[in-house]
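Atom set for the values below is all heavy atoms of this structure, side chains included, hydrogens, waters and symmetry mates excluded.
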Amino acid sequence: MANNSVPQVQQKFDVITQLRVEVDAVKAEAEEWKKNMDHLALEKKAARTQLASAEIQLRSLKEKALVQAKKIEEFQSRLGSATSDQERLATELSEAKSEVEKAMANADVMVVVYRSDVEAAQVRAKEVAEATQARANWVAEHAKCQSRREALEEIHARGFDLTAEIERAKELEAEAGVLAFPDDDEEIGSMSRSESEGGLEGEDAAPEED
């Protein structure tokens with residue numbers, strides 16, 4: 001029985017040894033798996049940290065993008081308003097230029113008309129001045145002729161025969177009167193006729209005085 005128990009014990013020892021080897025292998029494999037799990041956990045934690053950081057950065061970028069989008073919208077609105085103002089100002093400037101051109105054209109026309117009126121007024125004033133001067137000369141001449149006639153009539157009334165000179169003086173007086181008083185031709189004519197009649201009466205009375 002002793003001979004039979006030895007191989008059995010050896011066999012059991014070998015089995016135990018084999019089991020220990022297998023257990024050690026399983027333990028080693030378990031350790032390796034544990035290490036891998038820890039490494040994966042660390043990587044997972046790092047990945048979560050990176051993901052959280054990426055989410056924070058993404059959120060910040062989104063906020064910045066929204067701010068930039070609002071700025072772009074505001075800039076576009078201001079640009080549109082500026083463009084509209086520029087177009088309005090361009091239209092107003094064009095209208096103002098047109099008004100200025102019209103005003104300048106009207107001013108040129110008014111200057112031409114004014115110059116024409118001034119020239120016409122100057123010509124008219126010159127004509128009036130010349131006519132006034134001429135009439136004043138003829139008025140003076142008429143007064144001179146009248147004075148001469150009256151002097152001749154006084155001398156004639158004293159008995160001197162100056163009929164021809166008086167008639168000539170009357171003619172000159174009448175001619176000067178027509179030129180001096182063109183609007184009073186009829187009055188001057190009637191005055192000349194009455195004076196002529198008065199002169200003739202004087203002539204009739206003169207011999208009786210002699």
- Query: Would Val139 and Phe181 satisfy side chain to side chain contact (heavy atoms under 4.5 Å, CB included), going step by step from the backbone distance to the final call?
  - Reply: CA-CA 8 Å; Val139 169; Phe181 308 101; 4.1 Å; yes
- Apply the test salt bridge (charged side-chain N to carboxylate O under 4.0 Å, His left out) to residues Arg149 and Glu153: give CA-CA distance (whole Å), side-chain angles for both, the deciding distance (0.1 Å), then the verdict. CA-CA 6 Å; Arg149 174 185 58 78; Glu153 287 178 347; 3.0 Å; yes
- Query: Does the side chain to side chain contact (heavy atoms under 4.5 Å, CB included) test come out yes or no for Gln122 and Lys126, once each step is laid out?
  - Reply: CA-CA 6 Å; Gln122 290 176 346; Lys126 184 178 180 181; over 6 Å; no
- Item | Chi angles and distances behind the side chain to side chain contact (heavy atoms under 4.5 Å, CB included) call for Asp117, Val113 | CA-CA 6 Å; Asp117 291 342; Val113 173; 3.5 Å; yes
- Is there a side chain to side chain contact (heavy atoms under 4.5 Å, CB included) between Leu79 and Thr83 once you walk through the steps? CA-CA 6 Å; Leu79 180 62; Thr83 302; 4.3 Å; yes
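Put simply, CG on Leu93 and NZ on Lys97 are 4.5 Å apart, with the number rounded to the nearest 0.5 Å. Atoms CD1 and CG, on Ile155 and Asp161 in that order, are 12.5 Å from each other to the nearest 0.5 Å. Distance check, rounded to the nearest 0.5 Å: CD of Glu99 to CE of Met104 gives 13.5 Å. Here the straight-line distance linking atom CD of Glu141 with atom CD of Gln146 works out to 12.0 Å at 0.5 Å rounding. Within the model, atoms CG of Asn36 and CD of Glu29 stand 10.5 Å from one another, a figure rounded to the nearest 0.5 Å. A distance of 9.5 Å separates CG in Asp38 from CD in Glu31, rounded to the nearest 0.5 Å.
Glu43 meets the side chain to side chain donor-acceptor pair (under 3.5 Å) test with His39; sequence neighbours excluded. For Glu165, the side-chain contact (heavy atoms from CB on, under 4.5 Å) partners are Leu152, Leu162, not counting sequence neighbours. Evaluation of the salt bridge (Lys or Arg N to Asp or Glu O under 4.0 Å) rule for Glu171 yields Arg168 as partners, not counting sequence neighbours. Every side chain to side chain donor-acceptor pair (under 3.5 Å) that Gln10 has, sequence neighbours left out, goes to Asp14. The salt bridge (Lys or Arg N to Asp or Glu O under 4.0 Å) test applied to Glu92 returns Arg88, not counting sequence neighbours. Residues passing the side chain to side chain donor-acceptor pair (under 3.5 Å) test with Gln133 are Asn137, sequence neighbours excluded.
Within the 3.5 Å criterion, the main-chain N or O of Phe13 finds a donor-acceptor partner in the side chain of Thr17. Judged purely by atom type and a 3.5 angstrom limit, Thr49 uses its side chain to pair as donor or acceptor with the backbone of Lys45. Looking at Thr132, its side chain does come within 3.5 Å of a backbone N or O of Val128 through a donor-acceptor pair. With Thr91 contributing its side chain and Glu87 its backbone, the two residues share a donor-acceptor pair below 3.5 Å.
Nearest heavy atom pair, residue Ala169 against residue Arg148, reads CB-NH1, 3.8 Å.
The environment of CD in Gln86 is sparse: at most 12 heavy-atom neighbours from other residues, nucleotides or ligands sit within 6.0 Å.
For the pair Glu119 and Arg115, the salt-bridge criterion is not met [side-chain N within less than 4.0 Å of a carboxylate O].
Between Val67 and Lys71 there is a side-chain heavy-atom pair separated by less than 4.5 Å.
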